[in-house]
Amino acid sequence: MSVNRPAAVVVLAAGEGTRMKSATPKVLHAICGRSLVGHVVAASRELSPEHLVVVVGHAREQVTAHLAEIDAEVRTAVQHEQNGTGHAVRMGLEELSDSGVALDGTVVVVCGDTPLLTGETLGRLAGTHAAEGNAVTVLTAEVPDATGYGRIVREGASGAVTAIVEHKDATEAQREIREINSGVFAFDARLLTDALGKVRTDNSQGEEYLTDVLGILREAGHRVGACVAGDHREIVGINNRVQLAEARRLLNDRLLTRAMLSGVTVVDPATTWVDATVTFEPDALVHPGTQLLGATHVAANAEVGPNSRLTDTTVGEGAKASFTVAEGAEIGAGASVGPYAYLRPGTRLGAKAKAGTYVEMKNARIGEGTKVPHLSYVGDATIGEYTNIGAASVFVNYDGVNKHHTTIGSHCRTGADNMLVAPVTIGDGAYTAAGSVITKDVPPGSLAVARGQQRNIEGWVARKRPGSAAARAAESARQEDAGEG
């Protein structure tokens, strides 16, 4: 076990977030594939805490359900009334003590609306706390403009924190300080529990302030230290949609930078968006206008984009997907998708297979080397290896009540403008004629022809459309033919 492993992390996520002007609780707004609180929980998990508690309040049923989906081991504590940050932390600790947990060690407190905070920074905070033997360690940041923030006042010789002074209460000299309070702390668990019981509410808001704990501990002779974040943007909290968009841009840039430094080529980072859960292999190539979402993985030498959106999709080595929308799909090694293709959930393209222009696939397994080049719908189907599906083909999988399956073997050739009415099976090596409506199984090696005989009615245009452009053109052609004769 790491010596810096916290006894607990307490995430404060009880606020309403009225400035978001949304029916969705603030901490559930998402950027880069995770909710705000989801990012904080993920960063906190990097510390491997013995206990992780999220304090919920506003819309607690909704927030609790979301937490259960993203991390089944998270505990929740309810702050029925928002009586301040100190009160929220006390609710979190009481949730643990009521379940028989006796905390001994470090308690890290983080805010649920700080999605840019990293596990690395939290680890540095816990490490500094342990190394300096502090009663409490404040995560701070040096910002270009500290207006509106609480200033960190330090003792000159030791560097210990002597006070956190709010902007409105700061002297002119203190307002020159650029080091600010992030609202993230590491505490000695036992000292924190004792100090929270001494926090008073005789302030303008009538609330229990967590920052009051620092003064209580210092007055008792304990040391209050600080750990400066490497990037001040990490501590930014989200309070409105403008800040949400700014954080999304910052986090996206961070994710793309990490990818590029690991060997991925991103042609235009300004128009490329990725989720935190997306993974790459070196030498992947991402073209402009591309969104990679969910659990998407792009393998080595694969190319995605331009103008593609892939969700929970695997792109195999050397595969290409341009102008493509894919959800829950697998694109095999060396396969080709697009332009203007739509791969719906359950689609599995084998190696070197093709889903071409204006092709839609759903719940389809496509064998190695098989091609569906253009203008086709393939739904609920299994197609073998090295088969070619003719243009404008439709797999008729739905009878209005149930979905049915089509099976096509290997080395088949289906004609253009085929309707394949499921359930139907076409055997290995079989052919179907263009314009056919296939309703019966086709044995291996057979040619299926399912269309009416062509009948030409001579002189129909002249009789039914006399004087029309078509009639005049036909008469001109007839006279030319007669002259040649």
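Index from 1, following the sequence. No experiment lies behind these values; they were computed from the predicted model shown.
Looking at Glu281, its side chain does come within 3.5 Å of a backbone N or O of Ala300 through a donor-acceptor pair. His405 places a side-chain N or O within 3.5 Å of a backbone atom of Asp380 that can act as its donor or acceptor partner. A side-chain donor-acceptor contact under 3.5 Å links Arg151 to the backbone of Ala146. Here the side chain of Thr271 pairs a donor or acceptor atom with the backbone of Gly289 at under 3.5 angstrom. A donor-acceptor distance shorter than 3.5 angstrom exists from the side chain of Thr296 to the backbone of Thr313, with no hydrogens or angles considered. The closest donor-acceptor contact from the side chain of Asp113 to the backbone of Val27 lies at 3.5 Å or more, if one exists at all. With hydrogens and angles ignored, the 3.5 Å screen pairs no side-chain donor or acceptor of Thr64 with any backbone N or O of Glu61. Judged by distance alone, with hydrogens and angles left aside, the side-chain atoms of Ser35 form no donor-acceptor pair with the main-chain N or O of Leu28 at under 3.5 Å. Checking side-chain atoms of Thr324 against main-chain N and O of Ser322 turns up a donor-acceptor pair under 3.5 Å. A donor-acceptor pair is defined here as one N or O able to donate and one able to accept, closer than 3.5 Å; no such pair exists between the side chain of Thr311 and the backbone of Glu327.
The pair Glu50-Arg5 does not count as a salt bridge, with every side-chain nitrogen at least 4.0 angstrom from each carboxylate oxygen. Arg124 and Glu120 are not joined by a salt bridge, as no carboxylate oxygen comes within less than 4.0 angstrom of a charged side-chain nitrogen.
Applying the side-chain contact (heavy atoms from CB on, under 4.5 Å) test to Asp145 and every residue at least two apart in sequence or in another chain returns Thr147. Residues passing the ring-ring contact (aromatic ring centres under 6.0 Å, His included) test with Tyr398, sequence neighbours excluded: none. Under the rule for a ring-ring contact (aromatic ring centres under 6.0 Å, His included), Tyr377 has no partner lying at least two apart in sequence or in another chain.
Donor-acceptor pairing under 3.5 Å is recorded for the side chains of Asn134 and Arg223. Side-chain contact annotation: His297 with Thr314, donor-acceptor N/O pair under 3.5 Å absent. For the residue pair Glu207 and His87, no side-chain donor N or O sits within less than 3.5 Å of a side-chain acceptor on the partner. A donor-acceptor pair shorter than 3.5 Å cannot be found between the side chains of Thr118 and Arg254.
The local environment of NZ in Lys362 is crowded, with over 12 non-hydrogen atoms from other residues, nucleotides or ligands closer than 6.0 Å. No more than 12 heavy atoms of other residues, nucleotides or ligands sit less than 6.0 Å from atom CZ of Arg19.
Nearest heavy atom pair, residue Glu317 against residue Ala299, reads N-CB, 3.4 Å. The minimum heavy-atom distance linking Gly332 with Ala319 is given by the pair O-CB, 3.4 Å. The shortest non-hydrogen separation linking Ala391 to His374 is CB-CD2, 3.2 Å. When all heavy atoms of Ala8 and Leu103 are compared, the pair lying nearest together is CB-CD2, 4.0 Å. Closest approach of Val161 and Ala226 over heavy atoms only: CG2-CB, 3.7 Å. Residues Ala186 and Thr106 approach most closely at CB-CG2, 4.0 Å, considering heavy atoms.
Considering Asn181, Thr114, Val184, Ile180 in turn, Ile180 is the only one that fulfils the side chain to side chain contact (heavy atoms under 4.5 Å, CB included) rule with Ile235.
Side-chain contact between Phe185 and Leu214: present, with at least one pair of heavy atoms (C-beta onward) separated by less than 4.5 Å. Put simply, the side chain of Pro49 does not reach to within 4.5 Å of the side chain of Val108, judged on heavy atoms. The shortest side-chain heavy-atom distance between Ile389 and Ile408 falls under the 4.5 Å cut-off. Inter-residue side-chain proximity for Val228 and Glu179 is flagged as met; some heavy-atom pair is nearer than 4.5 Å. Contact annotation: the side chain of Leu52 never approaches that of Glu73 to less than 4.5 Å [non-hydrogen atoms, C-beta and beyond]. Proximity of Lys26 to Glu16: side-chain heavy atoms (C-beta onward) are nowhere separated by under 4.5 Å. Using a 4.5 Å cut-off on side-chain heavy atoms (C-beta onward), Thr277 and Arg34 make contact. At a threshold of 4.5 Å between non-hydrogen side-chain atoms, the residues Leu256 and Val286 do not count as touching.
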Residues Leu117, Leu139; criterion side chain to side chain contact (heavy atoms under 4.5 Å, CB included); working and verdict: CA-CA 11 Å; Leu117 192 61; Leu139 179 65; 3.8 Å; yes

Trace of the side chain to side chain contact (heavy atoms under 4.5 Å, CB included) decision for Asp399 with His404: CA-CA 8 Å; Asp399 64 9; His404 300 280; 2.8 Å; yes

Derivation of the side chain to side chain contact (heavy atoms under 4.5 Å, CB included) call for Val359 and Lys354: CA-CA 10 Å; Val359 168; Lys354 180 175 183 177; over 6 Å; no

Residues Arg60, Thr76; criterion side chain to side chain donor-acceptor pair (under 3.5 Å); working and verdict: CA-CA 9 Å; Arg60 59 182 177 274; Thr76 56; over 6 Å; no

Ile438 vs Thr414, side chain to side chain contact (heavy atoms under 4.5 Å, CB included): CA-CA, chis, key distance, verdict: CA-CA 10 Å; Ile438 305 298; Thr414 67; over 6 Å; no

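Rounding to the nearest 0.5 angstrom, the gap separating the CG atom in Asp188 from the CG atom in Leu217 is 8.5 Å. From Thr140, atom OG1 reaches atom CZ of Arg178 across 11.5 Å, with rounding to the nearest 0.5 Å. Separation of atoms CZ (Phe280) and CG (Leu285) is listed at 10.5 Å; rounding is to 0.5 Å. Taken to the nearest 0.5 Å, the CD atom of Gln79 stands 9.0 Å off from the OG1 atom of Thr85. Rounded to the nearest 0.5 Å, atoms CZ (Phe187) and CG (Leu196) are 7.5 Å apart. Glu360 CD to Phe395 CZ: the interatomic distance, rounded to the nearest 0.5 Å, is 13.0 Å.
Using bins of under 30°, 30° to 60° and over 60° for the plane-to-plane angle, the ring pair Tyr340/Tyr358 lands in the parallel bin.
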